[in-house]
Amino acid sequence: DITASGAISGLGNLTLADVGGTATFSANVAAAALSADSTVANLVFTGASNTFSAASTLANDGTLQFGDATGDSFTFNGGLTTSDVGGTVTLNTSISTSNDALVFGAITLGNNITLDTNATNTTGDLTIGAVTGGSNTLTLTTENNIANADITASGNISGVTTLTLTSVGGTATFAGDVDVTTLAVGNTVANVAINGNGSTITNDIDFANDGTLQLGDASGDTLTFNGGLDTSDVGGTVTLNGTIDTSNDAVTFGAVTLGSATTIDTNATNTTGDLTIGAVTGGSNALTLSMGNNVANTDISATGNISGVTTLTLQNVGGTATLSGDVDVTTLAVGNTVANLAFTGNGSTVTNDIDFANDGTLTLGASGGTQTYNGGLDTSGVGSTVTLNGTIATSNDAVTFGAVTLGSATTIDTNASNTTGDIAIGAVTGGSNNLTLTTGDNVANSDITASGAISGLGNLTLADVGGTATF
């Protein structure tokens, strides 16, 4: 062993070599570079104030400990690298640099810790491996919100009570499984990427970073936010990949972009687990929205336009799914695990055939608006009232309605170019509104069949029917 009990100051470089036991420095150390190679076993530095002015690299093959109290300080003004240390690296106090890189491999927290590079340019990056938290807090910062000063956490993070990101001008990337009690991301952080499959945040997280946010980096990833999450205050693009889960907790997204097939599931057991989402840019990916357990009055509210989604699936919605923006998707899937659907966005277009089968109410369209179902539609499997508004159009595709109620003046138009574009409709409750039925192009044998009672209409208009309209 080596035991240095007194203060060390005014050194050039401090080099440790060929130490088979433990080198312990229990007082303050001030030197230029600190170095130890693999011929050194264990290192312990416990002085209250320690400063190194040149780049320091530790590669000892045993353990490394910095500090023995939260109030200790270690400043590495030329940067520090510990990624080649062979044993456990334990941090009991905060470590800082002056615009110099910090590079850690795996670390264990012995106290609440802050790692701070005080970046003034892109030199001051922070790299970290796996973190064993020991029920302590960890704050990561590049301190001056300098553009492109980055944080890269490549390993799994566990046992951390509060993980705080602050003053990060570049991108904070978490590639491993991040399991923490609380995650704090404020508006002094630019970009955040939480990519680790299996990551779990226990408490609610309101992301407020002013750059981009990425959750997951592959379709097979699952991230769980057990207190819910809110990304509506993120300043840049929010990109989703894989499955975003909560445990009966609300999720609130503003605009999002899909990076791969994505599922958002709140696993609701009561009305707490609602889902709110803004505009969706699909990138030719599928999107599934689910409350998990078909619990009554758990709702989905999609307020923005949805485009570029291949298949939009609604499932296990015990309340009402409201899609109020312009929804342009290839396929829309609504099964009998969905209660109520209000699909009201003007300009909405569904490319493939849709057979609505929800077991509650269905509202299509808005007064004066137009929705187009280019593969046709069938609402006869809907369990409750079907309400129509505006124009419901197809492109030579059949439409089949059971009983319907008019919520405003309504036109149903199949734009038939052959006998494919027929209209079938059941009973109609008009609500004093006008109804126009047309197959669009006066094509021979394109028919209208109204099998139910029609009442309460304003005007009933038939136009461009090349076949037979039968009432």
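Scope of the values below: all heavy atoms of this structure, side chains included, with no hydrogens, waters or symmetry mates.
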Okay, side chain of Asn156, backbone of Asp177: is any donor-acceptor separation there less than 3.5 Å? yes
Non-hydrogen side-chain atoms of Leu163 and Leu140 separated by less than 4.5 Å: yes
Do Thr141 and Val168 make a side-chain contact, defined as non-hydrogen atoms from C-beta onward lying under 4.5 Å apart? no
Side chain to side chain donor-acceptor pair (under 3.5 Å) between Asn340 and Thr361, intermediate numbers included: CA-CA 5 Å; Asn340 310 306; Thr361 63; 3.2 Å; yes
Taking all heavy atoms of Leu165 and all of Val189, pick out the closest pair and write down the distance. O-CG2, 3.4 Å
With distance as the sole test, does Ser94 use its side chain to make a donor-acceptor pair with the main-chain N or O of Thr114 at under 3.5 Å? yes
Using only heavy-atom distances, determine whether the side chains of Thr202 and Asn226 contain a donor-acceptor pair under 3.5 Å. no
Which pair of heavy atoms, one from Asn415 and one from Ala393, lies closest together, and at what distance? ND2-CB, 4.1 Å
Heavy-atom pair with the smallest gap, counting every atom of Asp150 and Thr171: OD1-N, 2.7 Å
Over 60° means perpendicular and under 30° means parallel, so classify the ring planes of Phe225 and Phe207, tilted if in between. perpendicular
How about Ile244 and Asp265: do any of their side-chain heavy atoms sit closer than 4.5 Å? no
If we ignore hydrogens and angles and just use 3.5 Å, is the side chain of Thr288 paired with the main-chain N or O of Thr263 as donor and acceptor? no
Ignoring hydrogens and geometry beyond distance, is a side-chain donor-acceptor pair present between Asp328 and Ser307 at under 3.5 Å? no
Can you find a pair of side-chain heavy atoms, one from Thr127 and one from Leu102, that are under 4.5 Å apart? no
Without hydrogens or angle criteria, can the side chains of Thr419 and Asn445 be said to hold a donor-acceptor pair below 3.5 Å? no
Are any non-hydrogen side-chain atoms of Asn197 and Thr222 less than 4.5 angstrom apart? yes
Do you know the tightest heavy-atom contact between Thr438 and Ile448? N-CD1, 4.2 Å
Can you find a side-chain donor-acceptor pair between Ser380 and Asp378 that sits under 3.5 Å? yes
Taking Asn241 for its side chain and Gly216 for its backbone only, find out whether a donor-acceptor pair lies under 3.5 Å. yes
Is there a side-chain contact between Thr252 and Thr231 in this structure, where contact means two heavy atoms from C-beta onward sitting under 4.5 Å apart? no
Would you say the side chains of Asp397 and Ser395 form a donor-acceptor pair under 3.5 Å? yes
The single option from Thr137, Asn136, Thr161 passing side chain to side chain contact (heavy atoms under 4.5 Å, CB included) against Leu109: Asn136
Rounded to the nearest 0.5 angstrom, the OH-OG1 distance for Tyr373 and Thr379 is 10.0 Å
Is the backbone of Gly421 close enough, under 3.5 Å, to the side chain of Thr414 for a donor and an acceptor to pair up by distance? yes
Side chain to side chain donor-acceptor pair (under 3.5 Å) between Asn191 and Thr212, intermediate numbers included: CA-CA 5 Å; Asn191 310 307; Thr212 62; 3.2 Å; yes
Which is it for Phe253 and Leu240 under the side-chain contact (heavy atoms from CB on, under 4.5 Å) test, yes or no, and what are the steps along the way? CA-CA 10 Å; Phe253 293 100; Leu240 308 181; 3.8 Å; yes
Ignoring hydrogens and angles, state whether a donor on the side chain of Asn396 or Ser417 is under 3.5 Å from an acceptor on the partner side chain. yes
Under 3.5 Å, is there a donor-acceptor pair linking the side chains of Asn121 and Thr123? yes
So do the side chains of Thr344 and Ser324 get within less than 4.5 Å of each other, counting heavy atoms only? yes
Just checking, any donor-acceptor pair under 3.5 angstrom between side chains of Ser408 and Asn433? no
Option from Thr173, Thr257, Asn195 for which side-chain hydrogen bond (donor to acceptor under 3.5 Å, both in side chains) with Gln214 holds: Asn195
In this structure, CG of Asp217 is separated from CD1 of Ile194 (nearest 0.5 Å) by 11.5 Å
So, for Val185 and Val192, which heavy atoms are closest and what is the spacing to 0.1 Å? CG1-CG2, 3.8 Å
For Ile300 against Leu289, the heavy-atom pair lying closest together: CD1-CB, 3.7 Å
For residues Thr181 and Asn203, determine if any side-chain heavy atom of one lies less than 4.5 Å from a side-chain heavy atom of the other. yes
